[in-house]
Student: 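Pasting a structure here, questions to come.
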2 protein chains.
Amino acid sequence: MSQPSQVPTTRRAAVDPKECSITGTLAAIGDRWSVLVLRELFYGVRRFNDIQHDLGISRSVLTDRLARLVEIGVARTEPYQEPGDRVRQQYRLTRKGVRLLPVLVGLMEWGDEFLSNGDPPVVLEERDSGEQVRLELRSTSGALVAPHQIVTRARRRRVD
Amino acid sequence: MSQPSQVPTTRRAAVDPKECSITGTLAAIGDRWSVLVLRELFYGVRRFNDIQHDLGISRSVLTDRLARLVEIGVARTEPYQEPGDRVRQQYRLTRKGVRLLPVLVGLMEWGDEFLSNGDPPVVLEERDSGEQVRLELRSTSGALVAPHQIVTRARRRRVD
DNA sequence: CAGTATCCCAAGCGATACTG
DNA sequence: CAGTATCGCTTGGGATACTG
């Protein structure tokens, strides 16, 4: 730990950083609030005031975030009606939004491991079996893959 | 406080949002740049100027982000020395930082699916087998779990 | 090469009040 | 209940210049 490293230390990213999918996803939902709003929707909280209450987000910002989530297609509005009241809108995840679940679970698992002292506030379970659900990196053959066994390969962009 | 619950559209989060691990992780690395810096480190880019060049981040902000990542323990500095030059610092992921890999992969996979027209700029492969690596939600018994089969269970309930 | 130090602007945000 | 509208403030962050 005190010896200067002998391995090559200089290396540029193997891919144009501007074309990386991580950059794109962050541009879509990488602001301070969107992920939290998505979490609420995943938890089943669908109404404006409930989300606002849970998150402590200001109303104007929530309006903006929900509109944006709908615009990019990860959430959709759905009409509902309380008896004796007029029709209102609620918000639900689309399939495209559900596909962000691994990101949410990844954030949750890291926080569980490093921030909550082995006492996770929420656990994810499979509905039928009651078994705990975890995120795993696996190869196409189904084997678990350790992070250090993973290499990145840049693909040549198709030109059209 | 009781409600006429004809339609189950209203629901509060089953957990105190302030205690959610997602909130905590976002507080740690949820800003505009940290995840991208982590991506660089995962790609093996370790030097200040290389990261700055790749991301187009300003020098003062990069200084701040790297210091913060070191402070929270997801990155560490490591001395290295070019022949005939003085010892300098480079940055590497710690184990705690490597544990954020599923988050990066989750962001990447979503971008690959919805933003890059089925033409992912980068693929992740297992070093030995060359097989593609993907993120999966599985139960403890090892079975794949569909997102809609997942339920959340709060372990510490806060009544308000 | 790897940072610091300043300056300054604009986005993001909360608070508050208002509306259909 | 589900938003809009307005108003400042705060802070993130880029530009630039400087340093060991």
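Bear in mind that the values here come from a model prediction, so they are computed numbers and not experimental data.
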Student: For residues 93-116 of chain B, which residue pairs pass the salt bridge (Lys or Arg N to Asp or Glu O under 4.0 Å) check, not counting sequence neighbours?
Tutor: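 Sorted result for residues 93-116 of chain B: A:Arg95-B:Glu113, A:Arg99-B:Glu113, A:Glu113-B:Arg95, A:Glu113-B:Arg99.
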Student: Applying ring-ring contact (aromatic ring centres under 6.0 Å, His included), name anything that partners A:Phe114, two or more places apart in sequence or on another chain.
Tutor: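 Here the qualifying residues are A:Trp110.
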Student: When you group the ILVMFWY residues by side-chain heavy-atom contacts below 4.5 Å and let the links chain together, are A:Val123 and A:Leu115 in the same group?
Tutor: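 No, no single cluster joins them.
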Student: Mind listing the closest non-hydrogen atom pair of B:Pro79 and B:Gln90 along with its distance?
Tutor: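 That closest heavy-atom pairing would be O-NE2, 4.4 Å.
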Student: Is there side-chain contact between B:Arg39 and B:Leu55, with heavy atoms separated by less than 4.5 Å?
Tutor: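 A side-chain contact under 4.5 Å exists here.
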Student: Distance from A:Gln52 atom CD to A:Thr63 atom OG1, nearest 0.5 Å?
Tutor: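 Answer rounded to 0.5 Å: 9.0 Å.
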Student: Which atom pairs, donor and acceptor, lie under 3.5 Å between side-chain atoms of residues 142-150 of chain B and protein residues at least two apart or in another chain?
Tutor:
none

Student: Going 5' to 3' along DNA chain C, between which two nucleotides do contacts with chain A fall, using a heavy-atom cut-off of 4.0 Å?
Tutor: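 Going 5' to 3' along DNA chain C, contacts run C:dC13 to C:dG20.
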Student: Do A:Pro102 and A:Leu135 touch side chain to side chain, with heavy atoms closer than 4.5 Å?
Tutor: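 Result yes, sub-4.5 Å side-chain heavy-atom pair found.
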Student: For nucleotides 12-15 of chain D, tabulate all protein N/O to nucleotide N/O atom pairs closer than 3.5 Å, reporting atom names and distance.
Tutor:
from	atom 1	to	atom 2	distance (Å)
D:dG13	OP2	B:Arg65	NH1	2.8
D:dG13	OP2	B:Arg65	NH2	3.4
D:dG14	OP2	B:Ser58	N	3.1
D:dG14	OP2	B:Ser58	OG	3.1
D:dA15	N6	B:Ser60	OG	3.4

Student: Should A:Val151 and A:Ile22 be counted in the same cluster of Ile, Leu, Val, Met, Phe, Trp and Tyr side chains packed under 4.5 Å apart?
Tutor: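 As far as the 4.5 Å side-chain criterion goes, A:Ile22 and A:Val151 are not connected within one cluster.
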Student: Please work out the stems of DNA chain D from pairs that are Watson-Crick or G-U wobble with both distances under 3.5 Å, keeping only runs of three or more consecutive pairs.
Tutor: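 Stem segments, range with range: C:1-20 with D:1-20.
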Student: Counting C-beta onward and ignoring hydrogens, is there a side-chain heavy-atom pair between A:Leu69 and A:Tyr91 closer than 4.5 Å?
Tutor: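 When only atoms from C-beta onward are counted, A:Tyr91 and A:Leu69 do not touch, as no gap falls below 4.5 Å.
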